[in-house]
Amino acid sequence: MSEPESETASPEASCAAEQERIQEVIQTETEVHEDYGDVESTHEIKVDVCTAPDMLLQEENLAKSTKDQRDQDEINPQGSESNQTLSSSDLGSSTATVKILLMPERHMITVAFTIGLTILDLKKYFSLELRVPSDIIQITLDEKSVGDDQTLMDIGVQPHEMIQFEMSSLDPENYLLRPVKPQQEYNMPDVITVRVQTDLYQDVVVEIERATQGKAFLGGYRNKVTKAEYHHAAVQTMPKKRPDRGVEMFSRDTQTVELKNQDQQCSKNASTQMTKIGCYVSNMEDKLITPGTYITAGEYHSKRLRAVITLQTYVRRWLAKCFTDSLRQAKEQHLAWLENDKRRKKEEKEQQIRDEYHRRMNPESKADFDLLYNALKKWRIEEEERISVILSGAERKAALCSLLEQETQFISSIERHRMAAGTRNQDKAIQAFLNKCAEPKKWRAFDGKVTEMDTRFTIRSKELRDLYSSITQTQFTKDERLDVLLTLKHTIKEHDCKLTQDIVDLIDREVDLLMRGVKKSNLEGLRKRIATLFLQYIKTPAFNPQVSKFLRVPRDPADLKKSIYLCRGCNEYQSSTDFALKTNASAVGLCRRCMDLDNEARRREDFSLYKNILRCLRDSEAECGQEAKITYLLQEQDLRYLVDVLWGAQSALSGWKDLHDLLLVRWEKHLDWSPWNCILLTKDEAAAHLKLEDTEKAYDVVVIRNVKQKHALARKYFSQIPAMAECLQDTKIQPAALSNLLVSKPITKATKQNH
């Protein structure tokens, strides 16, 4: 050491000075490379160490290790193979420098990683660091994807070598790989690059090993001029471990038992004294004790038995009281449940009547109008029966003519309601279409929160939607209407075409009429034309690009030609989707529009109840299993045949005929539902039926035979469907068994003859 150096005596000051020196060196030697042409930024830490004592120490260690290796080879020439085997087994625990380039930010991250671990472990490590799921991380090497099961050794990485990967996200829209934010305080990195000066400068990768325990400070020296501290070698090295001799050692104290002796004595002494010559003892406090009646063992046990019987009597009485209280409470709960169930059914029935009344008074959908026509049909049949019973001859004909005129008025009133409902439904459909086009884009983040984003296309759709709502408003004053028309005119003037010119001409015409003082009622037709043309403007993708996602794409004429059929009712060619076919239909008949018109004119049937039964059936089967397909092959007409014709539109057990309370459930609950494995029951009966384990033991022979007979008829009717015929092959029954179900055999009585 030189003269300006002196020995230090303060460990705290030397440690603080050492940390400051290391931070200054790291901060001065940190290199940040930025390439603005490729928008790339890499962050690496390189430390230049050029001290002479360290260089000499490194050369001495290298020469010593070379000499020891040469001596070992001379002593044990056979040991090279064993050393090689040992080094290959420990190869997987070695580390290498891994550089990760985040795409598309091109941010470089350098870590030390064990070469025996897989790429999946590397993904999990960066998944925690970057806070993204590991399954959306993709790691590539030379523009080729690397498998999750490959290790760094499989790729060809050697110990203490450096390799660079590129990391990108498979879902950059929801999970973007963002650079790790730098910490406020400096932390020593896992890997640093040290530049060593021998003949030339050479870069050496050094891994920083974190100390698990603090080292003892054994003193050192500090330069008075540069304030640099130099510690002894014991501070710079790990503590020396004791050699393992291969013998398990135990302490002697754990092998022996320590014995102790302790004397004990009563804390209080007592003594007695008797009267004798020369000693008088007073008997004033003495007590005279008389012995009682002697109790034998038999008497004692009999007394215990009577006490036990008494206790058992009270306990049994208490248990019986608890049992009767539980029975009474269960009965009260059952009666309360019955009362609540009865009240619930009554409320459901009242709500059903109110809903049906509301549907008749305010029809909106096609099912509501079918209900009205069905009610009109029932009313006409009742009136015809009443007229036929009361009147006859000419009076009957006159009453029937009056009934026909009244029915005609009802039909015209229903059609007026239909036209008004159609207008309302069209306005609702247009408004829903515009709202769907103006909706912002939404996606769900990893934490469950929904993020919304407006693009320029959605903003454009929102502006056009608001302008269309203003155009269709009728409560505006004259000045407000002129402002809306002026805004519309400036909006559509951005595009010059035949459509925009027509809208501008109509706007000018309405403005001229408003200035002349024309009434609003006379301008309704003109305003409707403006709204219709502006809606056509909104539905044009050239003016509103967002609407292109919701318009119906025209089909290819070649494919459309294959699915076009001629309707025998209206003599027009319709698409195959416009025809309602039964499951057993062999030819195309009437289209849906002709069938609806024929139903309203003649049959006037209401299929809403059958639709509800079919919907409940599909929901229940979807809960039981995802492979149910027969329920989706049935249509309303097929279900009506199954309910009305086969089961007689009534419960198979109680004969209840209200279709609102009937359900189709499985007969054998462990088999899939099918027309030959079902039964029509009320809701309460269906709930009880599904709890049965064995239907053969639960029902009477007559009920089982009737159900099996209906199953055979359903099997015969629905076997014409090719898709159901495949299901029939697995559950096909024998003809003999079928004959036993359909034909009742007479019971023969054998008589004995007396000989």
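Applying the side chain to side chain contact (heavy atoms under 4.5 Å, CB included) criterion to Thr631, with sequence neighbours excluded, gives Leu617, Arg618, Glu621, Ala628, Trp673. Annotation: ring pair (Phe, Tyr, Trp, His ring centres under 6.0 Å) contacts of Phe113 (sequence neighbours excluded): none. When the side chain to side chain contact (heavy atoms under 4.5 Å, CB included) test is applied to Thr151, the partners found at least two apart in sequence or on another chain are Thr118, Met153, Asp154. With sequence neighbours left out, Leu690 forms a side chain to side chain contact (heavy atoms under 4.5 Å, CB included) with Val665.
Taking CD1 of Ile471 as the reference point, atom CD of Gln473 lies at 10.5 Å (rounded to 0.5 Å). Taking CG from Asp619 and SG from Cys624, the interatomic distance works out to 11.0 Å, rounded to the nearest 0.5 Å. Rounding to the nearest 0.5 angstrom, the gap separating the CD1 atom in Ile119 from the CD1 atom in Ile137 is 12.0 Å. We find the CZ-CD distance between Arg465 and Gln431 to be 7.0 Å, quoted to the nearest 0.5 Å. Asp466 CG to Thr487 OG1: the interatomic distance, rounded to the nearest 0.5 Å, is 12.0 Å. Considering NZ of Lys462 and CG of Leu434, their distance stands at 13.0 Å, rounded to 0.5 Å.
Annotation: Asp142, atom CG; neighbour count of heavy atoms from other residues, nucleotides and ligands within 6.0 Å does not exceed 12.
Counting only heavy atoms from C-beta outward, the side chains of Leu130 and Met167 approach each other to under 4.5 Å. Side chains of Ile155 and Phe165 form a contact here, defined as non-hydrogen atoms less than 4.5 Å apart. Side-chain contact between Val547 and Leu464 is absent, with no heavy atoms from C-beta onward closer than 4.5 Å. Between Cys497 and Thr500, the closest side-chain pair of non-hydrogen atoms falls below 4.5 Å. Put simply, the side chain of Ile492 reaches to within 4.5 Å of the side chain of Phe534, judged on heavy atoms. Between Thr110 and Thr97 the shortest side-chain heavy-atom distance falls below 4.5 Å.
Ring-plane geometry between Phe543 and His495 is classed as tilted, the angle between the planes lying from 30 to 60 degrees on a 0 to 90 degree scale.
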message: For Leu551 and Phe433: C-alpha separation, side-chain torsions, deciding distance, then whether side chain to side chain contact (heavy atoms under 4.5 Å, CB included) applies.
response: CA-CA 10 Å; Leu551 293 178; Phe433 176 77; 4.1 Å; yes

message: side chain to side chain contact (heavy atoms under 4.5 Å, CB included) for Tyr125 and Val111? Distances and angles first, verdict last.
response: CA-CA 11 Å; Tyr125 171 78; Val111 296; 4.0 Å; yes

- request: Determine, step by step, whether Ile163 and Glu161 satisfy the side chain to side chain contact (heavy atoms under 4.5 Å, CB included) criterion, reporting the C-alpha distance in whole Å, the side-chain angles of both residues, the deciding distance to 0.1 Å, and the verdict.
  value: CA-CA 7 Å; Ile163 187 171; Glu161 203 176 40; over 6 Å; no

message: I'd like to know whether Phe126 forms a side chain to side chain contact (heavy atoms under 4.5 Å, CB included) with Leu102, so could you lay out the CA-CA distance, the side-chain angles of the two residues, the decisive distance to 0.1 Å, and finally the verdict.
response: CA-CA 11 Å; Phe126 281 99; Leu102 298 183; 5.7 Å; no

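Under the salt bridge (charged side-chain N to carboxylate O under 4.0 Å, His left out) criterion, the residue pairs touching residues 487-496 are Arg460-Glu494, Lys489-Asp508, with sequence neighbours excluded.
Looking at every heavy atom in both residues, Met108 comes nearest to Gln164 through CE-NE2, 3.5 Å. Of all the heavy atoms in Thr140 and Ser145, the pair that sits closest is CG2-CA, 4.0 Å. Scanning both residues, Leu467 and Val484, for their nearest heavy atoms gives CD1-O, 4.4 Å.
The main-chain N or O of Tyr175 is found under 3.5 Å from a side-chain atom of Ser169 such that the two form a donor-acceptor pair. Looking only at distances, a side-chain donor or acceptor of Ser461 sits under 3.5 Å from a matching main-chain atom of Phe457.
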What pairs of donor and acceptor atoms, side-chain ones from residues 437-450 against any protein atom, are under 3.5 angstrom apart with sequence neighbours left out?
unit_1	atom_1	unit_2	atom_2	d
Arg444	NH1	Gly448	O	2.9
Asp447	OD1	Lys449	N	3.4

